[in-house]
Number of protein chains: 2
Amino acid sequence: MKKIIIVEDNKDVQEAFQLLIETQTSNYEVVNAYGTCEDAINNLEVDLPDIVLMDIDLPGMNGIEGTRNIRQTLPRTDILIISVHENSQYVFDALCAGATGYITKNSNHTQLLRALDEVSAGGAPMSTQIAKLVVKSFRRESESPLTNRETDVLNLLAEGKSYMDIADQISVSKDTVKFHIKNIYLKLQVSNKIEAVTKAKSEGFI
Amino acid sequence: MKKIIIVEDNKDVQEAFQLLIETQTSNYEVVNAYGTCEDAINNLEVDLPDIVLMDIDLPGMNGIEGTRNIRQTLPRTDILIISVHENSQYVFDALCAGATGYITKNSNHTQLLRALDEVSAGGAPMSTQIAKLVVKSFRRESESPLTNRETDVLNLLAEGKSYMDIADQISVSKDTVKFHIKNIYLKLQVSNKIEAVTKAKSEGFI
DNA sequence: CTAAAAACTACCCTTATGGGTAGTACGTCA
DNA sequence: TGACGTACTACCCATAAGGGTAGTTTTTAG
């Protein structure tokens with residue numbers, strides 16, 4: 001039997017979740033429900049939840065700070081964010097804070113219960129649109145101003161290779177490598193390796 | 001009717017997918033199946049697929065390069081990776097290359113068909129363990145071996161500052177900065193700025 | 001076919017970087 | 001109290017990196 005606590009300030013939603021879990025499942029029990037993270041955190045040692053269902057918009061400490069906080073105390077507890085926000089910043093912040101999954105409030109009952117099962121199975125449930133956001137964050141969209149050769153050179157530079165290493169690897173002279181790098185700096189408006197690599201990475205050129 | 005192409009060198013798997021899609025769905029049709037990315041790419045303009053089912057281990061161009069390539073030609077086509085690898089590097093590389101979803105080959109028929117529906121609905125299907133990997137990548141767990149001072153120095157280094165810049169900024173001598181950097185290299189087992197910054201970032205130290 | 005764009009080579013010069021070695025000073029934990 | 005970790009300073013040396021200039025060849029696009 002997995003112990004669940006709910007952190008949700010809207011009483012109706014809180015009760016709906018509780019009812020749903022208690023009537024529709026036999027593997028989960030809601031040991032407590034709180035309206036604020038502060039309250040939940042104060043009782044963590046007593047509740048020892050396996051799973052926390054966490055809202056984001058909460059009075060006082062928000063759900064993301066709460067997530068970070070709870071994970072420090074109970075690192076093995078899974079925290080499932082249930083939020084109205086599909087905004088990418090919220091999602092990433094929550095995941096960075098240590099949330100296990102992120103589903104939206106408009107998910108239906110079946111989806112919520114499946115999410116609980118997925119969490120228990122070591123998974124990371126995310127609603128379709130959320131998963132899309134996460135995947136999108138891995139993608140590079142923008143057009144690179146760099147030529148293929150320059151991109152090759154920059155990639156090697158990013159690996160920590162020296163001019164000579166790069167020259168050997170792409171079979172050109174050291175001066176040619178230097179030439180390409182000078183052009184890269186010009187295009188990216190930087191003046192050293194680190195800045196070039198950092199900028200190129202953030203822009204998705206490499 | 002969504003058009004699908006399959007890129008998979010194993011004939012049995014290829015035919016299994018094809019059969020599955022043709023017999024179990026009415027919204028999808030397999031317009032072609034190829035054993036290599038090269039073949040698939042050569043026929044892209046003719047096939048104009050809505051969805052590409054892509055293997056990773058392929059003779060010649062691998063599935064990740066293939067994904068990058070296809071996305072350049074047909075940016076609106078969804079590419080669903082179907083791979084045996086649950087290795088995080090493969091997953092991230094695939095997502096970075098522009099894959100829409102990543103499911104493992106041991107997924108059952110229902111899961112594969114659901115993945116197709118999710119892709120069509122604008123989602124990003126991932127099998128449970130894959131989603132977990134992705135979520136984990138947002139997390140920072142490890143303890144930094146660096147002292148506070150070293151971390152400060154490394155952060156400035158990561159901004160592209162020179163030894164002198166850093167010295168001025170933290171009000172120590174250039175030699176002291178050098179000293180810290182030497183220790184950073186020692187601790188991170190690297191030998192230049194780029195490697196240090198890259199490693200520290202990937203380990204979450206900065 | 002021709003004019004760019006891209007890739008390439010070369011040389012000069014200054015500063016930055018990385019590696020080695022040798023110390024001092026301060027706080028803390030055993 | 002004495003070893004250890006941290007922070008700091010200093011000097012030497014070789015090589016890497018960055019910036020400037022001046023060209024040739026190859027590819028690509030109009």
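Both backbone and side-chain heavy atoms feed into the values below; hydrogens, waters and symmetry mates do not. Quick note on labels: first sequence line is chain A, next is B, and so on, each numbered from 1.
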Undergrad: Can you check the A:I194 CD1 to C:dA16 P distance for me, whole Å?
TA: 15 Å
Undergrad: Just to be sure I understand the rule, does B:N192 reach a base, reach only the sugar-phosphate, or reach nothing, if contact means heavy atoms closer than 4.0 Å?
TA: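 If one applies the 4.0 Å heavy-atom cut-off, B:N192 turns out to touch the sugar-phosphate alone, with no base involved.
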Undergrad: Which nucleotide, C:dT17, D:dT6, D:dA17, lies nearest any side-chain atom of B:Y163?
TA: C:dT17
Undergrad: If I take atom CG in residue A:L157 and atom C1' in nucleotide D:dA16, what distance separates them, rounded to the nearest angstrom?
TA: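 So the CG-C1' distance, A:L157 to D:dA16, works out to 12 Å.
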Undergrad: Does a donor on one side chain sit under 3.5 Å from an acceptor on the other, for A:N27 and A:T25?
TA: no
Undergrad: D:dG18 C1' sits how many Å from B:M164 CE, rounded?
TA: 18 Å
Undergrad: Do A:V7 and A:C37 pass the side chain to side chain contact (heavy atoms under 4.5 Å, CB included) test, and can you show the C-alpha distance, the side-chain angles, and the key distance before you say yes or no?
TA: CA-CA 7 Å; A:V7 187; A:C37 286; 4.3 Å; yes
Undergrad: Can you tell me how far C1' of D:dT27 sits from CG of A:N148, to the nearest Å?
TA: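 My rounded result for the distance is 12 Å.
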Undergrad: Whole angstroms only, please: what is the CG-P distance between B:D175 and C:dT17?
TA: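 In whole Å, C:dT17 P and B:D175 CG are 13 Å from each other.
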Undergrad: Please pick, from C:dG19, D:dA10, D:dG19, the nucleotide with the shortest atom-to-atom distance to any side-chain atom of A:K178.
TA: D:dG19
Undergrad: Strictly by modelled atom types, are B:D57 and B:H85 linked by a side-chain donor-acceptor pair under 3.5 Å?
TA: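 Their side chains do contain a donor-acceptor pair, which is all the 3.5 Å distance test asks for.
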Undergrad: Could you check which of D:dA22, D:dC8, C:dT21 has an atom nearest any side-chain atom of A:F179?
TA: D:dA22
Undergrad: Nearest whole Å is fine: how far is C:dG18 P from B:L186 CG?
TA: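 So the CG-P distance, B:L186 to C:dG18, works out to 14 Å.
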Undergrad: Hey, is the side chain of A:T176 poking within less than 4.0 Å of OP1 or OP2 on C:dA7, counting only N and O atoms?
TA: no
Undergrad: Separation of B:I166 atom CD1 from D:dC8 atom C1', in whole Å?
TA: 16 Å
Undergrad: Nearest to the side chain of A:Y185, which nucleotide is it out of C:dG19, D:dG19, C:dA7?
TA: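 Of the candidates, D:dG19 comes closest.
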Undergrad: Return yes if some donor-acceptor pair links the side-chain N/O of B:Q111 with the main-chain N/O of B:N108 below 3.5 Å, else return no.
TA: yes
Undergrad: So, OP1 or OP2 of C:dA7: does either fall under 4.0 Å of a side-chain N or O from A:T147?
TA: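 Yes, such a contact exists.
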Undergrad: Of the listed nucleotides (D:dA7, D:dA16, C:dA16), which one gets closest to any side-chain atom of B:S162?
TA: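 Comparing D:dA7, D:dA16, C:dA16 against the side chain of B:S162, the answer is C:dA16.
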Undergrad: Does a nitrogen or oxygen in the side chain of B:H180 sit under 4.0 Å from OP1 or OP2 of D:dA7?
TA: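 So the side chain of B:H180 is outside the cut-off, no N or O lying under 4.0 Å from OP1 or OP2 of D:dA7.
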Undergrad: Which of these nucleotides, D:dC8, C:dT9, C:dG18, is closest to any side-chain atom of B:R149?
TA: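 The closest nucleotide is D:dC8.
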Undergrad: Would you say A:Y185's side chain and A:K193's backbone share a donor-acceptor pair under 3.5 angstrom?
TA: yes
Undergrad: Give a yes or no on whether a donor-acceptor pair under 3.5 Å exists between the nucleobase atoms of D:dG18, that is its base, and the side chain of A:K193.
TA: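 A donor-acceptor contact between them is absent.
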Undergrad: Could you work out which one of C:dC8, C:dG20, C:dA16 sits closest to the side chain of B:K182?
TA: C:dG20
Undergrad: Atom CD1 of A:I170 to atom C1' of C:dA6: distance rounded to whole Å?
TA: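 So the two atoms are 13 Å apart, to the nearest Å.
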